[in-house]
Amino acid sequence: MSALGSNGGFMLLAVAIPLFGAIAIVLLRRWPNVREAATLITGVALFVDVALIACALQSGPVSRLVLAEPIVGLPLELAVEPLGMLFALVASGLWIVTSIYAIGYMRAHHEMNQTRFYAFFAIAIAATMGIALAGNLLTLFVFYEALTLSTFPLVTHSGTSEAKRAGRTYLGILLGTSIGLFLVAIVGTYAFAGTLEFRSGGILDGKVTGGVAGLLLALYAFGIGKAAVMPFHRWLPAAMVAPTPVSALLHAVAVVKAGVFSLLKIVTYIFGFDLVSGLDATVALQIAAAFTVIAASLIAITQDDLKARLAYSTVSQLSYIVLAALIADPAGFLGGGLHIATHAFGKITLFFCAGAILVATHKTRVSELDGLGRAMPWTMAAFLIGSLSIIGLPPFAGLWSKFYLIEGAWFGGNAWLVAIFAVSTLLNIFYLLPIPFRAFFRPAGGHAAGPVARREVPLTCLVAIGITSLGCLALFLFPDPILDLLSRGGAP
Amino acid sequence: MNEHLIVRVVTKMLVPFVLLFALYVQMHGDFGPGGGFQAGVIFAAAFIVYAIVFGIRPTIRAMPVGVVAAMVSLGVILYAGVGFAALLAGGSFLDYSVFDPHDPVRGQHLGILLVELGVGITVSGVLMAIFLTFAERYSR
Amino acid sequence: MRLLEHLPALIVAVPMIAAPICALLLRTRVSYWFAIGVAWVTFAMSLVLMDRVLSEGVIVYALGGWAPPWGIVYVVDPLSAMMLVLVSGMAAIIMPGTLLGIGSEVVRRAKRFFFAVVLLVLTGMLGIVITGDAFNLYVFLEIASLASYALVAMGSDRRSLPAALNYLIQGTIGATFILIGIGLIYMVTGTLNMADMAGRLQGLEDSRPLQAALAFILVGAAIKFALFPVHAWLPNAYTHAPSMVSAFFGATATKLGAYILIRFIYSVFGDDFAFGHMAIAWVLIPAGIAGAFMGSLVAIWQNDLKRMLAYSSIAQVGYIALGIGLDNQDGLIGAIVHIFNHGLMKGALFMVMAAVILRLGGATMAEFRGLGRRMPLTMACFVVAGLSLIGVPLTVGFISKWYLVLGAIEAGLWPIAVLVVASSLLAIVYMWRVIEVAYFETATDTHAIREAPLQLLLPTAALALLCVLLGISTEFTVEIASRAVVFLDVGL
Amino acid sequence: MFGTAIILILIATALVLIRAVRGPTPYDRILAVNVLGTMTVMLIALAGFLVDRPAFLDLSLVYALLNFIGTLAALKFFKHGYLGDAP
Amino acid sequence: MMELYEFVIGHAIQWGAVALLVIGLYIMMTRHNLIKKVVGLNIFQTAVFLVYIQMSYVTGATAPIAKAGQTLYSNPLPHVLILTAIVVSVSVSSLALALIVRIRESYGSIEEDEIVDLDAPKTDAVA
Amino acid sequence: MLSGRTVSLFLVLYGTWLLLSGIWEPFLMIVGVIACCLVVVLAHRMAVIDEEGHPIHLALRALLYVPWLFWQIALSNVGVARRVLSPRLNIDPASAMVPASQRSNAGLVAFANSITLTPGTVSLSVYSDRIHVHALHRASLDELLNGEMDRRVRRMEGEV
Amino acid sequence: MSLALDILSWTMMFGGSFFMVTSGIGMVRLPDLFARLHSAGLADTGGAALLLLGMILQAGFTLVTVKLLLIGLFIFLTAPAASHAVAHAALIGGLLADDPDENRRSNDEAPRG
Ligand code: NA
Ligand code: NA
């Protein structure tokens with residue numbers, strides 16, 4: 001295989017393209033239009049590159065690419081496997097959409113320091129690609145930290161003291177858990193297994209006692225703070241101060257998905273299903289995740305701030321995937337992987353809508369949305385689609401992932417988890433559906449009384465919202481490519 | 001303390017012999033290392049007692065500050081220079097036997113003598129310098 | 001070339017003869033250039049020595065041509081070669097900036113002798129590292145220490161004087177303890193040659209003087225090493241010394257205490273005696289952990305950044321002690337690598353202080369307000385070195401922590417592993433305070449502040465760059481540390 | 001016999017130390033330290049005989065010199081508050 | 001009889017060393033006057049000389065001496081070591097005194113607590 | 001510069017050197033000459049070569065005085081020891097002026113030091129014609145007031 | 001002969017040590033500074049001299065003897081000067097109770113030393 005022809009070269013490009021994009025963005029800072037064009041071109045190039053990798057994965061063997069060897073016998077390397085492929089596809093695809101949305105949003109909202117914003121956004125995407133294509137756990141950790149650091153300027157974008165506080169929480173929890181727990185787990189894994197490679201069936205099986213394995217699993221589950229298992233979820237609601245495209249990045253494209261993706265990948269390729277399903281600790285962690293699912297949903301119901309409600313919704317949904325990982329069987333893996341994609345499309349739609357509402361009406365509270373359906377019909381329709389998908393109702397993609405999750409739980413002998421999923425679905429309905437209902441069926445009242453003018457958002461925003469809503473539908477209709485992809489991974 | 005007759009006279013009598021003793025220790029120190037240190041201390045002590053009894057100004061007149069400062073450096077240069085000389089003469093660092101190809105022991109004698117001289121000069125220079133700064137500037 | 005054979009002697013002799021010559025040069029500028037030349041020549045020699053050690057093995061050089069039991073020998077093994085490179089390298093890198101760096105920070109009348117004293121420190125430090133004779137080690141230790149006290153006292157801030165005196169008193173106590181320990185070993189073995197000592201100590205584990213000797217050397221080295229709770233000299237000394245001096249000391253001085261400890265434990269006493277018989281792990285590990293926490297915690301509350309860095313040094317010293325105390329290969333590799341790596345970071349950070357003091361006249365939080373815009377390159381170096389101090393992946397700090405945690409886990413000390421990373425989280429707090437102030441706040445005054453001059457900026461950038469490069473490629477540091485550990489025959 | 005002498009002198013040293021500690025005037029202390037010095041000179045010389053190292057004699061001579069200087073310096077410093085010329 | 005001497009002397013010196021160590025440390029820790037601290041440091045260092053003097057008594061402590069003809073010199077002997085230690089001690093004391101001189105020039109005091117007070121308004125408060 | 005006293009100092013120094021060296025080796029003898037020259041130069045610069053600093057003129061007659069002085073020292077040593085050790089501390093401190101008839105400073109110093117050297121008496125203060133003496137017991141003072149020591153020191157100075 | 005020498009030297013050293021101890025006792029027992037000065041003299045003269053003589057007898061006529069003599073000479077020259085210096089300082093300091101010089105502080109006649 002020639003260097004570029006191999007998917008090794010493409011993998012390097014997947015990390016390098018957004019970095020070059022970031023450099024281009026900085027260099028083109030004086031010409032905003034050209035700058036934004038650079039972002040879009042980079043996004044498309046990245047997506048093409050990732051798609052090429054996917055094709056290569058379909059047809060041939062997986063090659064590895066060693067970038068460096070910071071620790072002897074423990075290189076920084078890129079490799080591709082189905083789950084990572086899916087994540088890379090979702091992230092790179094949604095980046096294009098998010099960029100389209102961001103162009104409209106940032107200009108309409110008169111944000112400062114847009115060059116910095118786009119540059120760090122691109123760097124964050126590069127880090128995400130690194131996570132998706134990480135060939136071993138060390139590499140994954142490196143890019144995981146890079147993602148944390150590169151998103152910090154985005155979270156604190158406004159520079160207000162509130163943003164600064166949020167930034168502290170964000171960084172404190174994410175770096176704290178990753179260095180304090182995740183890293184310890186990684187080093188512990190290395191100490192026992194002698195390697196950190198992702199292998200089918202795991203590397204720890206047979207190397208550690210149940211106690212150590214349980215300890216490691218717990219360290220991973222809580223140490224991957226981006227998965228936002230309670231009590232390490234606070235950063236996510238705090239980061240709501242950031243501009244909406246950043247929220248999209250956090251909630252759908254990259255950050256939280258990187259967390260659950262890592263967890264899923266670790267359970268699958270580091271522990272192996274056999275080891276995890278036999279551990280006492282697994283049950284305890286399942287309980288913690290289940291608690292997060294329910295508790296976050298309940299909190300979401302009480303939130304009047306739209307973005308905060310969505311944030312707690314994300315916390316809840318993430319623990320679905322954590323649970324999927326802890327179910328530790330192929331169906332759970334399938335459900336978890338699929339949920340990464342479906343939740344991404346659903347949640348990004350919701351955030352785009354929330355951002356659109358903010359830009360158009362400067363409203364941030366659920367209670368202020370009465371009657372908004374008339375002013376912003378397209379936006380609120382999309383919001384309804386996103387909500388239905390998250391809840392798991394047909395004809396939207398969320399149905400499939402929930403289906404596989406429940407199947408995995410049921411056949412894996414975790415019947416009580418089925419009950420959790422059921423209750424949670426009910427709660428989803430309670431906190432999501434009232435929003436479009438208010439918008440469409442309640443008259444506009446309160447202080448903002450008066451004739452409601454149609455005030456839609458910039459066209460780019462609408463286009464983006466349309467794409468993601470259609471995505472929710474498309475994934476319902478054509479889930480097979482993803483399922484095919486995922487079924488090639490997972491169990492040995 | 002100039003009015004202090006007894007101390008003054010005793011010091012005057014003492015100083016030349018202390019200086020001589022310092023040089024004696026310096027020159028006879030080559031039968032075992034360490035002579036240079038003692039010699040330096042004694043040499044400086046002679047000046048220090050003189051300075052205490054007669055004051056700083058007469059002391060500086062006898063031993064200018066510039067000379068003291070240069071002594072510090074020159075001693076070290078002498079010390080390390082001998083080592084380099086040994087290197088250049090084909091031995092290893094501080095291998096004095098190369099100084100006299102016919103009689104290594106004599107070479108060692110010479111080498112140690114010079115090295116100890118360097119040590120002595122430096123030590124006495126340092127002590128004098130410190131005393132001078134100390135005495136010059138400190139008052140209770 | 002024949003002169004190459006004499007490098008072990010020359011590397012000490014050249015700065016030794018250069019120091020007095022430097023003092024005789026009457027012009028400060030002349031002695032500055034002279035000192036730069038000497039430092040780089042020494043650095044080059046240390047690299048050649050390193051190369052020879054790696055290719056040919058340990059070099060033993062008998063001073064004066066006398067065989068080991070009678071004369072003094074200089075020994076270059078991988079550990080000492082690494083220390084030689086660190087000490088002379090830091091001197092070489094830092095030296096060009098000193099003339100500007102000491103501009104306002106050194107009392108006028110001391111400037112003439114500044115470089116001579118620095119070379120004296122260099123002589124002493126290199127001597128400590130290279131000598132194979134215990135008493136000679138003490139002599140070099142005192143040469144380095146005396147010159148160090150003088151350097152600290154040269155600070156133009158009058159507080160440098162009591163700081164230097166305290167440093168002197170406590171340093172002398174430490175050195176005296178070491179001297180007593182050496183005397184006791186001499187009493188038991190009748191030799192001062194360290195290799196000889198080790199040979200003759202076999203079977204003397206129950207000798208009281210020997211046990212006392214270890215205790216004395218442990219305490220003495222700990223003081224020199226600023227190990228909690230005998231660290232009291234360090235904060236004031238580093239805070240009030242001229243920043244360039246702090247940079248050099250921060251990178252090297254305490255490290256020599258660590259070196260002496262490692263040298264005596266492994267090359268003289270043997271780890272069976274030190275750890276098996278005397279259980280010094282019970283001193284080193286608790287003191288190391290306590291120091292790591294205490295240093296970082298106190299650093300958080302500092303307003304003077306030099307003081308903050310000083311306390312951070314105490315914390316970092318704790319890690320090194322911990323690594324030594326783990327008594328296994330990875331722990332010691334971690335300690336040795338951290339000796340080197342921390343040198344790079346602290347060197348860079350104190351150089352930044354020098355630059356900031358040069359431009360703004362102080363280095364408190366107030367001066368750092370808005371510095372990200374005023375001195376962007378300097379602050380970039382600060383951020384890189386700061387991230388390294390935190391232990392972010394792809395920096396040198398990560399590598400050291402990796403091995404420390406690995407060592408702790410291998411020793412079965414999980415809680416220690418967690419504490420190591422948990423304490424490094426505190427580093428996030430104190431570094432982040434600065435970064436926040438520098439990038440989120442605006443300067444209170446409106447003076448135009450220029451970027452640091454090249455003589456300061458280039459070395460700082462070089463060190464910051466090394467923080468990253470040696471974090472990605474660890475062939476140099478870890479490889480040599482591994483060899484050193486193998487050579488020291490640790491825990492096999 | 002050198003050992004006996006050394007022990008006896010050590011006893012004497014201890015007695016003088018009592019005076020050095022008790023004072024009460026600085027002159028008492030200076031005097032005590034001076035006597036202590038004389039005793040130390042003898043101790044070093046005797047120790048040289050005991051271990052058969054004549055080089056100790058140089059040491060005790062040096063110590064005698066330092067003792068003298070020390071006493072003068074201490075007196076001058078106590079009396080005048082400076083060691084050099086009158087400020 | 002000779003053994004008794006050696007025993008007594010050896011142990012007297014040993015305990016003397018310990019006593020000096022403790023006294024020196026005590027003075028350094030409890031005195032605020034900088035000169036007194038330096039005096040304490042000197043007493044402390046004197047303990048080392050005693051340790052090295054004691055070495056002379058312990059059998060087997062004599063350093064190996066090179067054979068005549070090969071070289072004139074022997075491994076450093078205890079007294080040389082003591083001498084070196086004394087030189088170091090003197091240098092340390094001198095430097096300490098020189099520092100005290102400058103401290104007095106800058107602060108007008110050599111009492112540690114007064115010096116701390118004098119700097120107090122200038123020391124960094126937590127922001 | 002090259003006065004008789006200077007030459008004398010040089011000779012005395014060189015004698016001491018030879019005595020200390022004990023080795024009749026040409027190298028060391030030459031070094032000795034250099035060393036003594038250096039010392040003489042330094043001594044000259046320090047202005048210590050005068051009748052106070054190098055009282056060579058007293059040397060010959062001192063040979064007569066010193067044995068007597070040593071005998072006095074021995075006697076008074078025993079005396080003071082007895083007083084110190086007697087259970088009831090047999091002392092009776094007193095101080096008085098003792099006439100001093102010496103003409104030169106060197107002589108005066110010799111007298112004062114002799115007084116101090118004999119335990120039991122200490123010279124407190126020296127005046128041109130008298131010395132203030134403190135005694136552990138009045139008896140020693142009376143003995144000193146006899147004037148024998150004064151006379152012997154003056155004889156050492158050379159009688160007129 | 002050698003035995004006689006040994007006994008003689010032993011006696012001398014014992015005597016010297018005796019004076020040293022006596023001096024120490026005096027330093028503790030005697031009531032004031034001026035009284036203690038005499039006791040200090042015991043160590044400087046009787047103590048030192050006898051000890052040195054004892055050692056000289058042990059050494060025979062060698063370089064060691066020369067050095068011992070030198071030490072003795074040095075002590076005999078400097079000890080009285082030091083004692084006198086202390087005494088004089090104490091006198092000026094006004095420590096002597098029955099000072100016959102009534103005009104000490106009136107600068108009537110400054111003492112010459
Ligand atoms: Na440090
Ligand atoms: Na007397």
Side-chain angles (χ1 to χ4, degrees), chain D residues 1-2 4-20 22-39 41-46 48-49 52 54-65 67-72 74-76 78-80, chain G residues 6 9-14 16-30 32-34 36-37 39-45 47-48 50-52 54-55 58-59 62-64 66-68 70-72 74-75 77-79 81-83 85-93 95:
Chain D
M1 78 180 102
F2 299 111
T4 317
I6 286 178
I7 292 171
L8 286 174
I9 298 176
L10 279 174
I11 294 170
T13 317
L15 292 168
V16 178
L17 257 174
I18 295 176
R19 178 54 61 204
R22 291 233 312 249
T25 66
Y27 304 108
D28 284 290
R29 293 183 215 276
I30 294 172
L31 180 68
V33 171
N34 180 269
V35 175
L36 213 59
T38 308
M39 290 176 176
V41 169
M42 289 299 125
L43 274 179
I44 296 174
L46 286 167
F49 273 85
D52 206 15
F56 274 40
L57 288 180
D58 289 349
L59 212 63
S60 64
L61 194 51
V62 174
Y63 200 91
L65 175 62
N67 189 34
F68 180 58
I69 298 176
T71 306
L72 293 187
L75 277 175
K76 180 168 185 184
F78 178 74
K79 219 166 76 176
H80 299 288
Chain G
D6 265 358
S9 111
W10 202 93
T11 317
M12 283 185 157
M13 275 202 268
F14 186 80
S17 308
F18 165 79
F19 279 118
M20 286 290 185
V21 175
T22 311
S23 162
I25 293 173
M27 289 296 286
V28 177
R29 276 190 91 188
L30 290 168
D32 64 18
L33 173 78
F34 292 98
R36 287 177 209 128
L37 276 169
S39 176
L42 284 183
D44 290 338
T45 55
L50 285 176
L51 281 166
L52 287 170
M55 285 188 265
Q58 285 293 318
T62 58
L63 183 60
V64 172
V66 174
K67 285 189 179 163
L68 286 170
L70 223 55
I71 293 173
F74 189 88
I75 289 180
L77 195 61
T78 60
S83 283
V86 174
H88 185 73
L91 181 75
I92 299 290
L95 258 66

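To find a chain, count down the sequence lines: A is the first, B the second, and so on, and within it residues start at 1.
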Of all of D/Leu46, D/Leu10, D/Val16, D/Thr25, which one pairs up most often with chain G through heavy atoms under 4.5 Å apart?
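Option with the top pair count is D/Leu46.
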Could you check which of D/Ala12, D/Ser60, D/Ala45 has the highest count of heavy-atom pairs closer than 4.5 Å to chain G?
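Highest number of heavy-atom pairs under 4.5 Å: D/Ala12.
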If you count heavy-atom pairs within less than 4.5 Å of chain D, which of [options] leads?
{"options": "G/Met20, G/Met13, G/Met55", "answer": "G/Met55"}
{"options": "G/Ala82, G/Ala43, G/Ala89, G/Ala40", "answer": "G/Ala89"}
{"options": "G/Thr22, G/Asp32, G/Ile75, G/Leu33", "answer": "G/Leu33"}
{"options": "G/Leu70, G/Ile71, G/Leu52", "answer": "G/Ile71"}

Need one label for [X]: side chain, backbone, both or neither, based on atoms under 4.5 Å from any heavy atom in chain D.
{"X": "G/Leu63", "result": "neither"}
{"X": "G/Leu51", "result": "side chain"}
{"X": "G/Leu30", "result": "backbone"}

Less than 4.5 Å apart, any side-chain heavy atom of G/Phe74 and any of D/Val41?
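No, their side chains stay 4.5 Å or more apart.
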Under 4.5 Å from any heavy atom of chain G - which part of D/Ile30
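For D/Ile30, side-chain heavy atoms alone lie under 4.5 Å from chain G.
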side-chain contact (heavy atoms from CB on, under 4.5 Å) assessment of G/Phe18 paired with D/Leu8:
CA-CA 8 Å; G/Phe18 165 79; D/Leu8 286 174; over 6 Å; no
Pair D/Met42-G/Ser17, side-chain contact (heavy atoms from CB on, under 4.5 Å): steps then yes or no:
CA-CA 10 Å; D/Met42 289 299 125; G/Ser17 308; over 6 Å; no
Side-chain polar contacts of residues 31-38 of chain D - donor-acceptor pairs under 3.5 angstrom, sequence neighbours left out - could you list them?
residue, atom, partner, partner atom, Å
D/Asn34, ND2, D/Thr71, OG1, 2.8
D/Thr38, OG1, D/Asn34, O, 3.3
D/Thr38, OG1, G/Asp44, OD1, 2.9

To the nearest 0.5 Å, what is the distance between [atom1] on [X] and [atom2] on [Y]?
{"X": "G/Ile92", "Y": "D/Tyr27", "atom1": "CD1", "atom2": "OH", "result": "9.0 Å"}
{"X": "D/Asn67", "Y": "G/Thr78", "atom1": "CG", "atom2": "OG1", "result": "7.5 Å"}
{"X": "G/Ser23", "Y": "D/Arg19", "atom1": "OG", "atom2": "CZ", "result": "11.5 Å"}

Go through D/Phe68 and G/Leu77 one step at a time and tell me if the side-chain contact (heavy atoms from CB on, under 4.5 Å) criterion holds.
CA-CA 10 Å; D/Phe68 180 58; G/Leu77 195 61; over 6 Å; no
Considering all heavy atoms of both residues, which atom of G/Ala85 and which atom of D/Leu72 are nearest to each other, and what is their separation?
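Heavy-atom minimum between the residues: CB-CD2, 4.2 Å.
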List the residues meeting salt bridge (charged side-chain N to carboxylate O under 4.0 Å, His left out) with G/Arg36, not counting sequence neighbours, and say none if there are none.
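Testing G/Arg36 for salt bridge (charged side-chain N to carboxylate O under 4.0 Å, His left out), a comparison that skips the adjacent residues, returns D/Asp28.
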